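This report concerns only the one structure given below.
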Amino acid sequence: MALPLAVLVSGGGSNLQSIIDRIEEGSLDAEVRLVISNKAGAYGITRARNNGIPTKVMSHKDYASREAFDRDMVAAMREHGVTAPEGAVVMAGFMRIVTPELLDAFPDRVVNIHPALLPSFPGIHGQGDAAEYGVRISGCTVHFVDEKMDNGPIIIQAAVPVQAGEDGDSLGPRILKLEHRILPQALQWLAEERLTVDGRHVHVKVGPKPLAAQPRADSEPSAPALVWPPLEEGF
Ligand code: GAR
């Protein structure tokens, strides 16, 4: 069975689109059964509708607590056939901390994408914070979610060089391109049940597919981006 997914968005939904595209191409064996947004105007909701995916807009402001909000999200996921242990939840630019109401319903099945090399630069401005700090390498991280913000066992990371004087606006798009590759790859590993969590460590079982060519950072053709574990064919 294709991996049943609920995707949570707060904004543009380009990571949602990368999931939809890989499913369409056949490299990701998943089905997006529901897209939930906490923001009514999120373009991610439009992307879902354009692809015939059921959507639900739930403003967190209408709820007395984070727990009550998460309870309703889990109920909506159940209604659309997204339950553990088969199903999984993707936080694709979802700018909310989640609670045990969601996490206990999906043990080791909630995944987040973050635009920095965690544990550095958590929060909502990962790209800008890294550029401002002056790091020479930044990137993105896909990890299992726990109760802390941008925390939890790391599945895959991709690194890009940072030029002196860059800001979040110039760095962000290069990181985003890699997000669109590592998030579907991590989900395909989940779909193939190749991930095991051992404390903070995630083991990826070796698969049959050969490695894909490694992506390169746009602004510095001589400097390849590092992705680890390596991307496989199709990602
Ligand atoms: C992405 O860059 C994602 O990594 C980030 O929000 C953006 C959403 O873009 N998430 C976080 O910062 C989580 N802390 P998208 O809506 O186009 O996918």
Side-chain angles (χ1 to χ4, degrees), residues 5-23 28 30 32 34-51 53 55-58 60 66 70 73 88-99 102-103 110-133 135 138-160 162 166-187 215 217-218 225 227 235:
L5 291 179
V7 181
L8 314 182
V9 301
S10 298
S14 69
N15 277 291
L16 165 67
Q17 191 66 54
S18 76
I19 294 168
I20 293 169
D21 292 346
R22 294 295 92 71
I23 292 173
L28 174 55
V32 182
L34 178 65
V35 171
I36 297 178
S37 176
N38 63 323
K39 297 265 167 71
Y43 187 64
I45 287 290
T46 306
R47 290 183 195 269
R49 288 191 185 133
N50 288 345
N51 286 276
I53 298 167
T55 59
K56 192 170 169 75
V57 176
M58 298 170 47
H60 54 276
R66 286 184 189 277
D70 286 1
M73 284 207 297
V89 180
V90 187
M91 295 170 61
F94 187 64
M95 302 305 193
R96 303 273 307 158
I97 292 172
V98 295
T99 69
L102 173 68
L103 298 172
V110 184
V111 163
N112 180 46
I113 175 94
H114 182 71
L117 291 176
L118 293 172
S120 293
F121 312 111
I124 59 171
H125 303 296
Q127 312 92 325
D129 292 346
E132 193 179 316
Y133 190 92
V135 297
S138 192
C140 46
T141 304
V142 179
H143 64 95
F144 285 113
V145 175
D146 64 14
E147 284 172 65
K148 294 188 194 145
M149 182 178 60
D150 298 325
N151 196 55
I154 291 172
I155 301 169
I156 182 170
Q157 291 185 304
V160 297
V162 183
E166 275 205 273
D167 59 14
D169 289 344
S170 69
L171 182 57
R174 296 210 312 287
I175 292 177
L176 195 61
K177 273 195 176 178
L178 283 165
E179 294 185 40
H180 297 162
R181 298 185 70 173
I182 67 169
L183 179 59
Q185 170 71 89
L187 295 175
D218 289 350
V227 182
F235 294 94

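Remember, it's 1-based here, ligands and their atoms both numbered in the order they're listed. Computed from a predicted structure; not experimentally measured.
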Would you call [X] and [Y] a side-chain contact if the rule is heavy atoms closer than 4.5 Å?
X	Y	result
Lys56	Leu34	yes
Gln17	Arg22	no
Val89	Leu5	no

So the atoms of ligand 1 within less than 4.0 Å of a heavy atom of Leu176 turn out to be 2 (O)
Give the atom numbers and elements of ligand 1 that come within less than 4.0 Å of a heavy atom of Asp150. 13 (C), 14 (N)
Could you check whether any side-chain N or O of His114 sits under 3.5 Å from a backbone N or O of Phe121, counting only pairs where one atom can act as donor and the other as acceptor? yes
Exam field: side chain Asp70 to backbone Thr99, donor-acceptor pair closer than 3.5 Å: yes
Starting from [atom], find the nearest protein heavy-atom neighbour and note its residue, name and distance.
atom	result
atom 7 (C) of ligand 1	Gly93 CA, 4.2 Å
atom 6 (O) of ligand 1	Met95 CE, 3.3 Å
atom 1 (C) of ligand 1	Glu179 OE1, 3.2 Å
atom 17 (O) of ligand 1	Ser14 OG, 2.6 Å
atom 13 (C) of ligand 1	His114 ND1, 3.7 Å
atom 10 (N) of ligand 1	Ile113 O, 3.6 Å

Is it the side chain, the backbone, both or neither of Ile175 that has a heavy atom closer than 4.0 Å to ligand 1? neither
Can you tell which part of Met91 has a heavy atom less than 4.0 Å from ligand 1: side chain, backbone, both or neither? neither
State the CD-CG distance between Gln127 and Asp167, to the nearest 0.5 angstrom. 10.5 Å
When rounded to the nearest 0.5 Å, the distance separating NE2 of His60 from NZ of Lys39 is 6.0 Å
Has [X] got any heavy atom lying under 4.0 angstrom from an atom of ligand 1?
X	answer
Gln17	no
Gly123	yes
Val9	no
Gly13	yes

Criterion side chain to side chain contact (heavy atoms under 4.5 Å, CB included) against Val7, the qualifying member of Thr55, Leu16, Asn15: Leu16
Proximity winner for atom 12 (O) of ligand 1, if only heavy atoms of Pro115, Ser18, Gly44 are counted: Pro115
So does Ile97 have more than 12 non-hydrogen atoms from other groups sitting under 6.0 Å from CD1? yes
